[in-house]
Trainee: 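Before I ask anything, let me first share the structure, which is written out below as structure tokens.
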Amino acid sequence: MQLNRLTRAVLAAFALGWLVPPALADETCNSPYLSNLIKGQEDYVYVWTLGVPGMGDGSDKLVTLDANPKSKTFGKVVAQVSVGGRGEAHHAGFTDDRRFLWAGGLDDSKIYVFDIHSDPAKPRLVNTIADFEKRSGLVGPHTFYALPGRMLIGALSNTKDGGGATGMALYNNKGEFIQKYAMPAASAMKGADGYGYDLAVNPARNVILSSSFTGKKNYMTPLGTLIKDAGAMKQFGNTMVVWNLKAMQPEQVLSVPGAPLEIRWSLKEGDDWALTATALTSKLWLVKKDAKGQWQAKDVATIGDPAKTPLPVDISMRADGKGLWVNTFMDGTTRYFDISNPEAPRQTYEKKTGAQVNMISQSWDGKRVYVSSSLLANWDKAGRENEQFVKLFAWDGKALNEQWRVDFTQLKLGRPHHMKFGAQTGQRTAWTADPARVAGR
């Protein structure tokens with residue numbers, strides 16, 4: 001039996017002990033395969049930022065903020081790298097060795113690779129991958145998920161009709177295309193809808209979870225127009241897919257109505273469950289195996305008042321798996337849920353952190369929480385509510401207290417979206433794991 005290239009790479013990583021335990025991650029969205037983790041104070045926040053016509057150079061850019069309280073430039077912009085155009089900057093992700101940051105555009109489907117290890121304070125653009133659509137047939141590279149020596153990219157749409165049918169593309173760390181994996185459609189698997197959004201891996205259980213959103217025709221349409229189009233509002237995903245990691249094959253489709261977005265596995269040792277939030281129905285869903293060993297998705301909590309469409313967008317789980325931050329875009333609110341019992345999350349705190357808020361990242365120790373404002377260029381609010389910022393809050397377990405705010409409009413930088421942490425090389429800690437434990441043997 002022949003093994004595909006991804007399987008061979010993963011098995012080789014198991015054998016060499018390159019994989020890190022899924023319990024180790026220092027910020028939201030990180031792959032468990034990252035080999036360098038910031039367990040202490042982060043020095044920088046890299047912000048992938050949408051360009052705005054007539055604002056500064058008008059281009060998408062990677063903006064570096066100083067996050068070290070001992071620095072003279074704490075809370076200030078220390079670097080920015082423009083990519084020379086606007087492509088709807090959205091998400092970014094590190095390679096497994098954390099030497100490079102990949103960032104993509106949902107409109108032009110270009111992928112930019114930044115060197116963040118040579119000088120962490122001053123990232124450099126070292127590669128532009130402009131043939132993502134041509135090579136994969138996919139549009140809107142969204143999630144950049146590190147695998148051993150590889151980058152797995154989850155897309156939102158396709159080149160054929162700009163709808164929600166999509167898939168994943170596998171690249172090596174050099175930026176070379178390897179293979180495409182289509183999201184299962186209804187014709188292939190019962191209950192499937194072909195949509196995609198986020199990816200999250202549990203190496204110990206040989207599982208990838210994928211979630212679902214909508215296609216380019218929808219996400220590039222102004223939100224006010226989209227909401228009034230009944231037909232378009234039906235074109236959102238309502239599923240999650242359970243994939244066999246080693247085989248890269250879909251094995252099960254879970255019904256999760258309302259566009260499940262970000263996926264977070266519990267980071268607590270021994271836990272084998274994940275949470276997601278549904279944007280359109282404002283629910284928290286638990287993904288966990290039942291008594292028969294089958295993965296199931298269960299509605300376990302309500303976020304805000306669904307009748308007011310708060311629109312949950314990003315979530316960030318505590319390192320001990322006991323707490324979850326949830327940002328809701330429309331009401332500009334950051335909520336905290338006690339998830340000590342994941343079957344029954346309880347909201348224990350909320351704070352209006354902006355007129356609109358989107359991404360949220362917390363430090364490994366849970367004491368610092370970063371919030372950014374922009375969702376999509378055509379979905380952000382207008383007028384006074386079109387606030388564009390990154391804020392740092394201190395969290396003492398009782399309240400969020402603002403430490404600084406960087407106004408991206410005032411500085412003519414654009415619309416800040418995804419945030420990733422950086423540190424001087426000497427402050428990082430490398431981790432390895434017992435390959436047998438990670439493989440679940």
Side-chain angles (χ1 to χ4, degrees), residues 48-55 58 60 86-91 104-109 139-143 155-157 161-164 166 193 195-198 211-238 257-262 276-283 303-315 326-335 352-360 371-389 408-409 414-418:
W48 187 218
T49 304
L50 291 76
V52 176
M55 182 179 291
D60 296 344
R86 286 190 304 277
E88 192 70 33
H90 205 67
H91 278 202
L106 294 187
D107 188 14
D108 64 7
S109 294
V139 170
H142 178 270
T143 300
L156 298 186
S157 194
D161 62 9
T166 189
D193 55 22
Y195 289 77
Y197 184 78
D198 198 20
S211 55
S212 54
F213 184 47
T214 193
K216 184 175 182 179
K217 289 187 293 186
N218 270 4
Y219 67 69
M220 292 302 294
T221 297
L223 185 58
T225 302
L226 180 64
I227 291 174
K228 296 175 183 178
D229 187 336
M233 290 301 294
K234 294 179 181 178
Q235 305 303 312
F236 282 83
N238 294 290
L261 299 183
E262 309 296 341
T276 189
T278 49
L280 303 182
T281 54
S282 200
K283 297 285 187 178
I303 304 165
D305 181 357
K308 296 180 180 179
T309 318
L311 193 62
V313 278
D314 194 22
I315 60 178
V326 180
N327 267 0
T328 47
F329 178 78
M330 294 302 290
D331 60 8
T333 300
T334 298
R335 294 176 171 85
K352 187 173 179 63
T353 50
Q356 57 187 14
V357 295
N358 189 9
M359 303 302 289
I360 183 165
V371 173
S372 66
S373 55
S374 180
L375 176 53
L376 292 162
N378 287 330
W379 288 27
D380 284 355
K381 295 180 180 181
R384 291 184 178 180
E385 292 191 312
N386 185 27
E387 296 179 344
Q388 298 299 341
F389 60 78
F408 274 55
T409 298
R415 303 171 184 265
H417 188 79
H418 206 185

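Predicted, not measured: the structure shown is a model, and the values here were computed from it. Sequential numbering from 1 along the given sequence is applied to the chain's residues.
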Trainee: Are His91 and His417 an aromatic pair by the rule of ring centers under 6.0 Å?
Mentor: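 Between His417 and His91, which both carry aromatic rings, the centre distance is below 6.0 Å.
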Trainee: Going from CG on Asp305 to OG1 on Thr328, what distance comes out if it is rounded to the nearest 0.5 angstrom?
Mentor: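 The OG1 atom of Thr328 is 11.0 Å from CG of Asp305, to the nearest 0.5 Å.
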Trainee: Would you check if Met330 and Leu223 make a side-chain contact, meaning some heavy-atom pair closer than 4.5 Å?
Mentor: yes
Trainee: Is a side-chain N or O of Thr278 found less than 3.5 angstrom from the main chain of Ala259, in a donor-acceptor match?
Mentor: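 Side chain of Thr278 to backbone of Ala259: no pair is present.
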Trainee: Can you name the nearest heavy-atom pair linking Thr353 to Val357, along with the distance?
Mentor: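 Answer, listing the atom of Thr353 first, then Val357: OG1-CG1, 3.2 Å.
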Trainee: Only one of Leu375, Leu261, Asp331 clears side-chain contact (heavy atoms from CB on, under 4.5 Å) with Leu311; which?
Mentor: Leu375
Trainee: Hey, are the side chains of Asn327 and Met359 touching, using non-hydrogen atoms and a 4.5 Å cut-off?
Mentor: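 The answer is no, as the side chains (C-beta and beyond) never meet within the 4.5 Å cut-off.
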Trainee: What I want to find out is whether Arg86 reaches Asp108 closely enough, with some N-O distance under 4.0 Å, to be called a salt bridge.
Mentor: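 Not counted as a salt bridge, because no side-chain N and carboxylate O are separated by less than 4.0 Å.
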Trainee: Which residues pass the ring pair (Phe, Tyr, Trp, His ring centres under 6.0 Å) test with Tyr197, sequence neighbours left out?
Mentor: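 Counting only residues at least two positions away or on another chain, Tyr197 forms a ring pair (Phe, Tyr, Trp, His ring centres under 6.0 Å) with His142, Phe213.
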Trainee: State the CG-CD1 distance between Asp198 and Ile315, to the nearest 0.5 angstrom.
Mentor: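 Reported value, rounded in 0.5 Å steps: 8.5 Å.
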Trainee: Determine whether a donor-acceptor pair (N or O, by modelled atom type, separation under 3.5 Å) exists between the side chain of Lys381 and the backbone of Gln356.
Mentor: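 Looks like no, no N/O pair under 3.5 Å.
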Trainee: Could you pull out all residues at least two apart from Gln235 that satisfy side-chain hydrogen bond (donor to acceptor under 3.5 Å, both in side chains)?
Mentor: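 side-chain hydrogen bond (donor to acceptor under 3.5 Å, both in side chains) list for Gln235, sorted by chain: Tyr195.
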Trainee: Taking the side chain as C-beta and beyond, is there a heavy-atom pair between Gln388 and Ser374 under 4.5 Å?
Mentor: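 Yes; the side chains approach each other to less than 4.5 Å.
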Trainee: Tell me whether Lys308 at atom NZ has more than 12 heavy atoms from other residues, nucleotides or ligands lying less than 6.0 Å away.
Mentor: no
Trainee: Would you say that Leu50 contacts Glu88 through its side chain, given a criterion of any heavy-atom pair below 4.5 Å between the two side chains?
Mentor: yes
Trainee: Provide the closest heavy-atom pair for Pro416 versus Phe389 in the form atom of the first, atom of the second, distance.
Mentor: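 Scanning both residues completely, I find the closest heavy atoms to be CG-O, 3.3 Å.
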Trainee: Side-chain contact, heavy-atom cut-off 4.5 Å: Lys216 with Leu106?
Mentor: no
Trainee: Could you walk me through whether Asp380 and Phe329 pass the side chain to side chain contact (heavy atoms under 4.5 Å, CB included) test, one step at a time?
Mentor: CA-CA 9 Å; Asp380 284 355; Phe329 178 78; 3.8 Å; yes
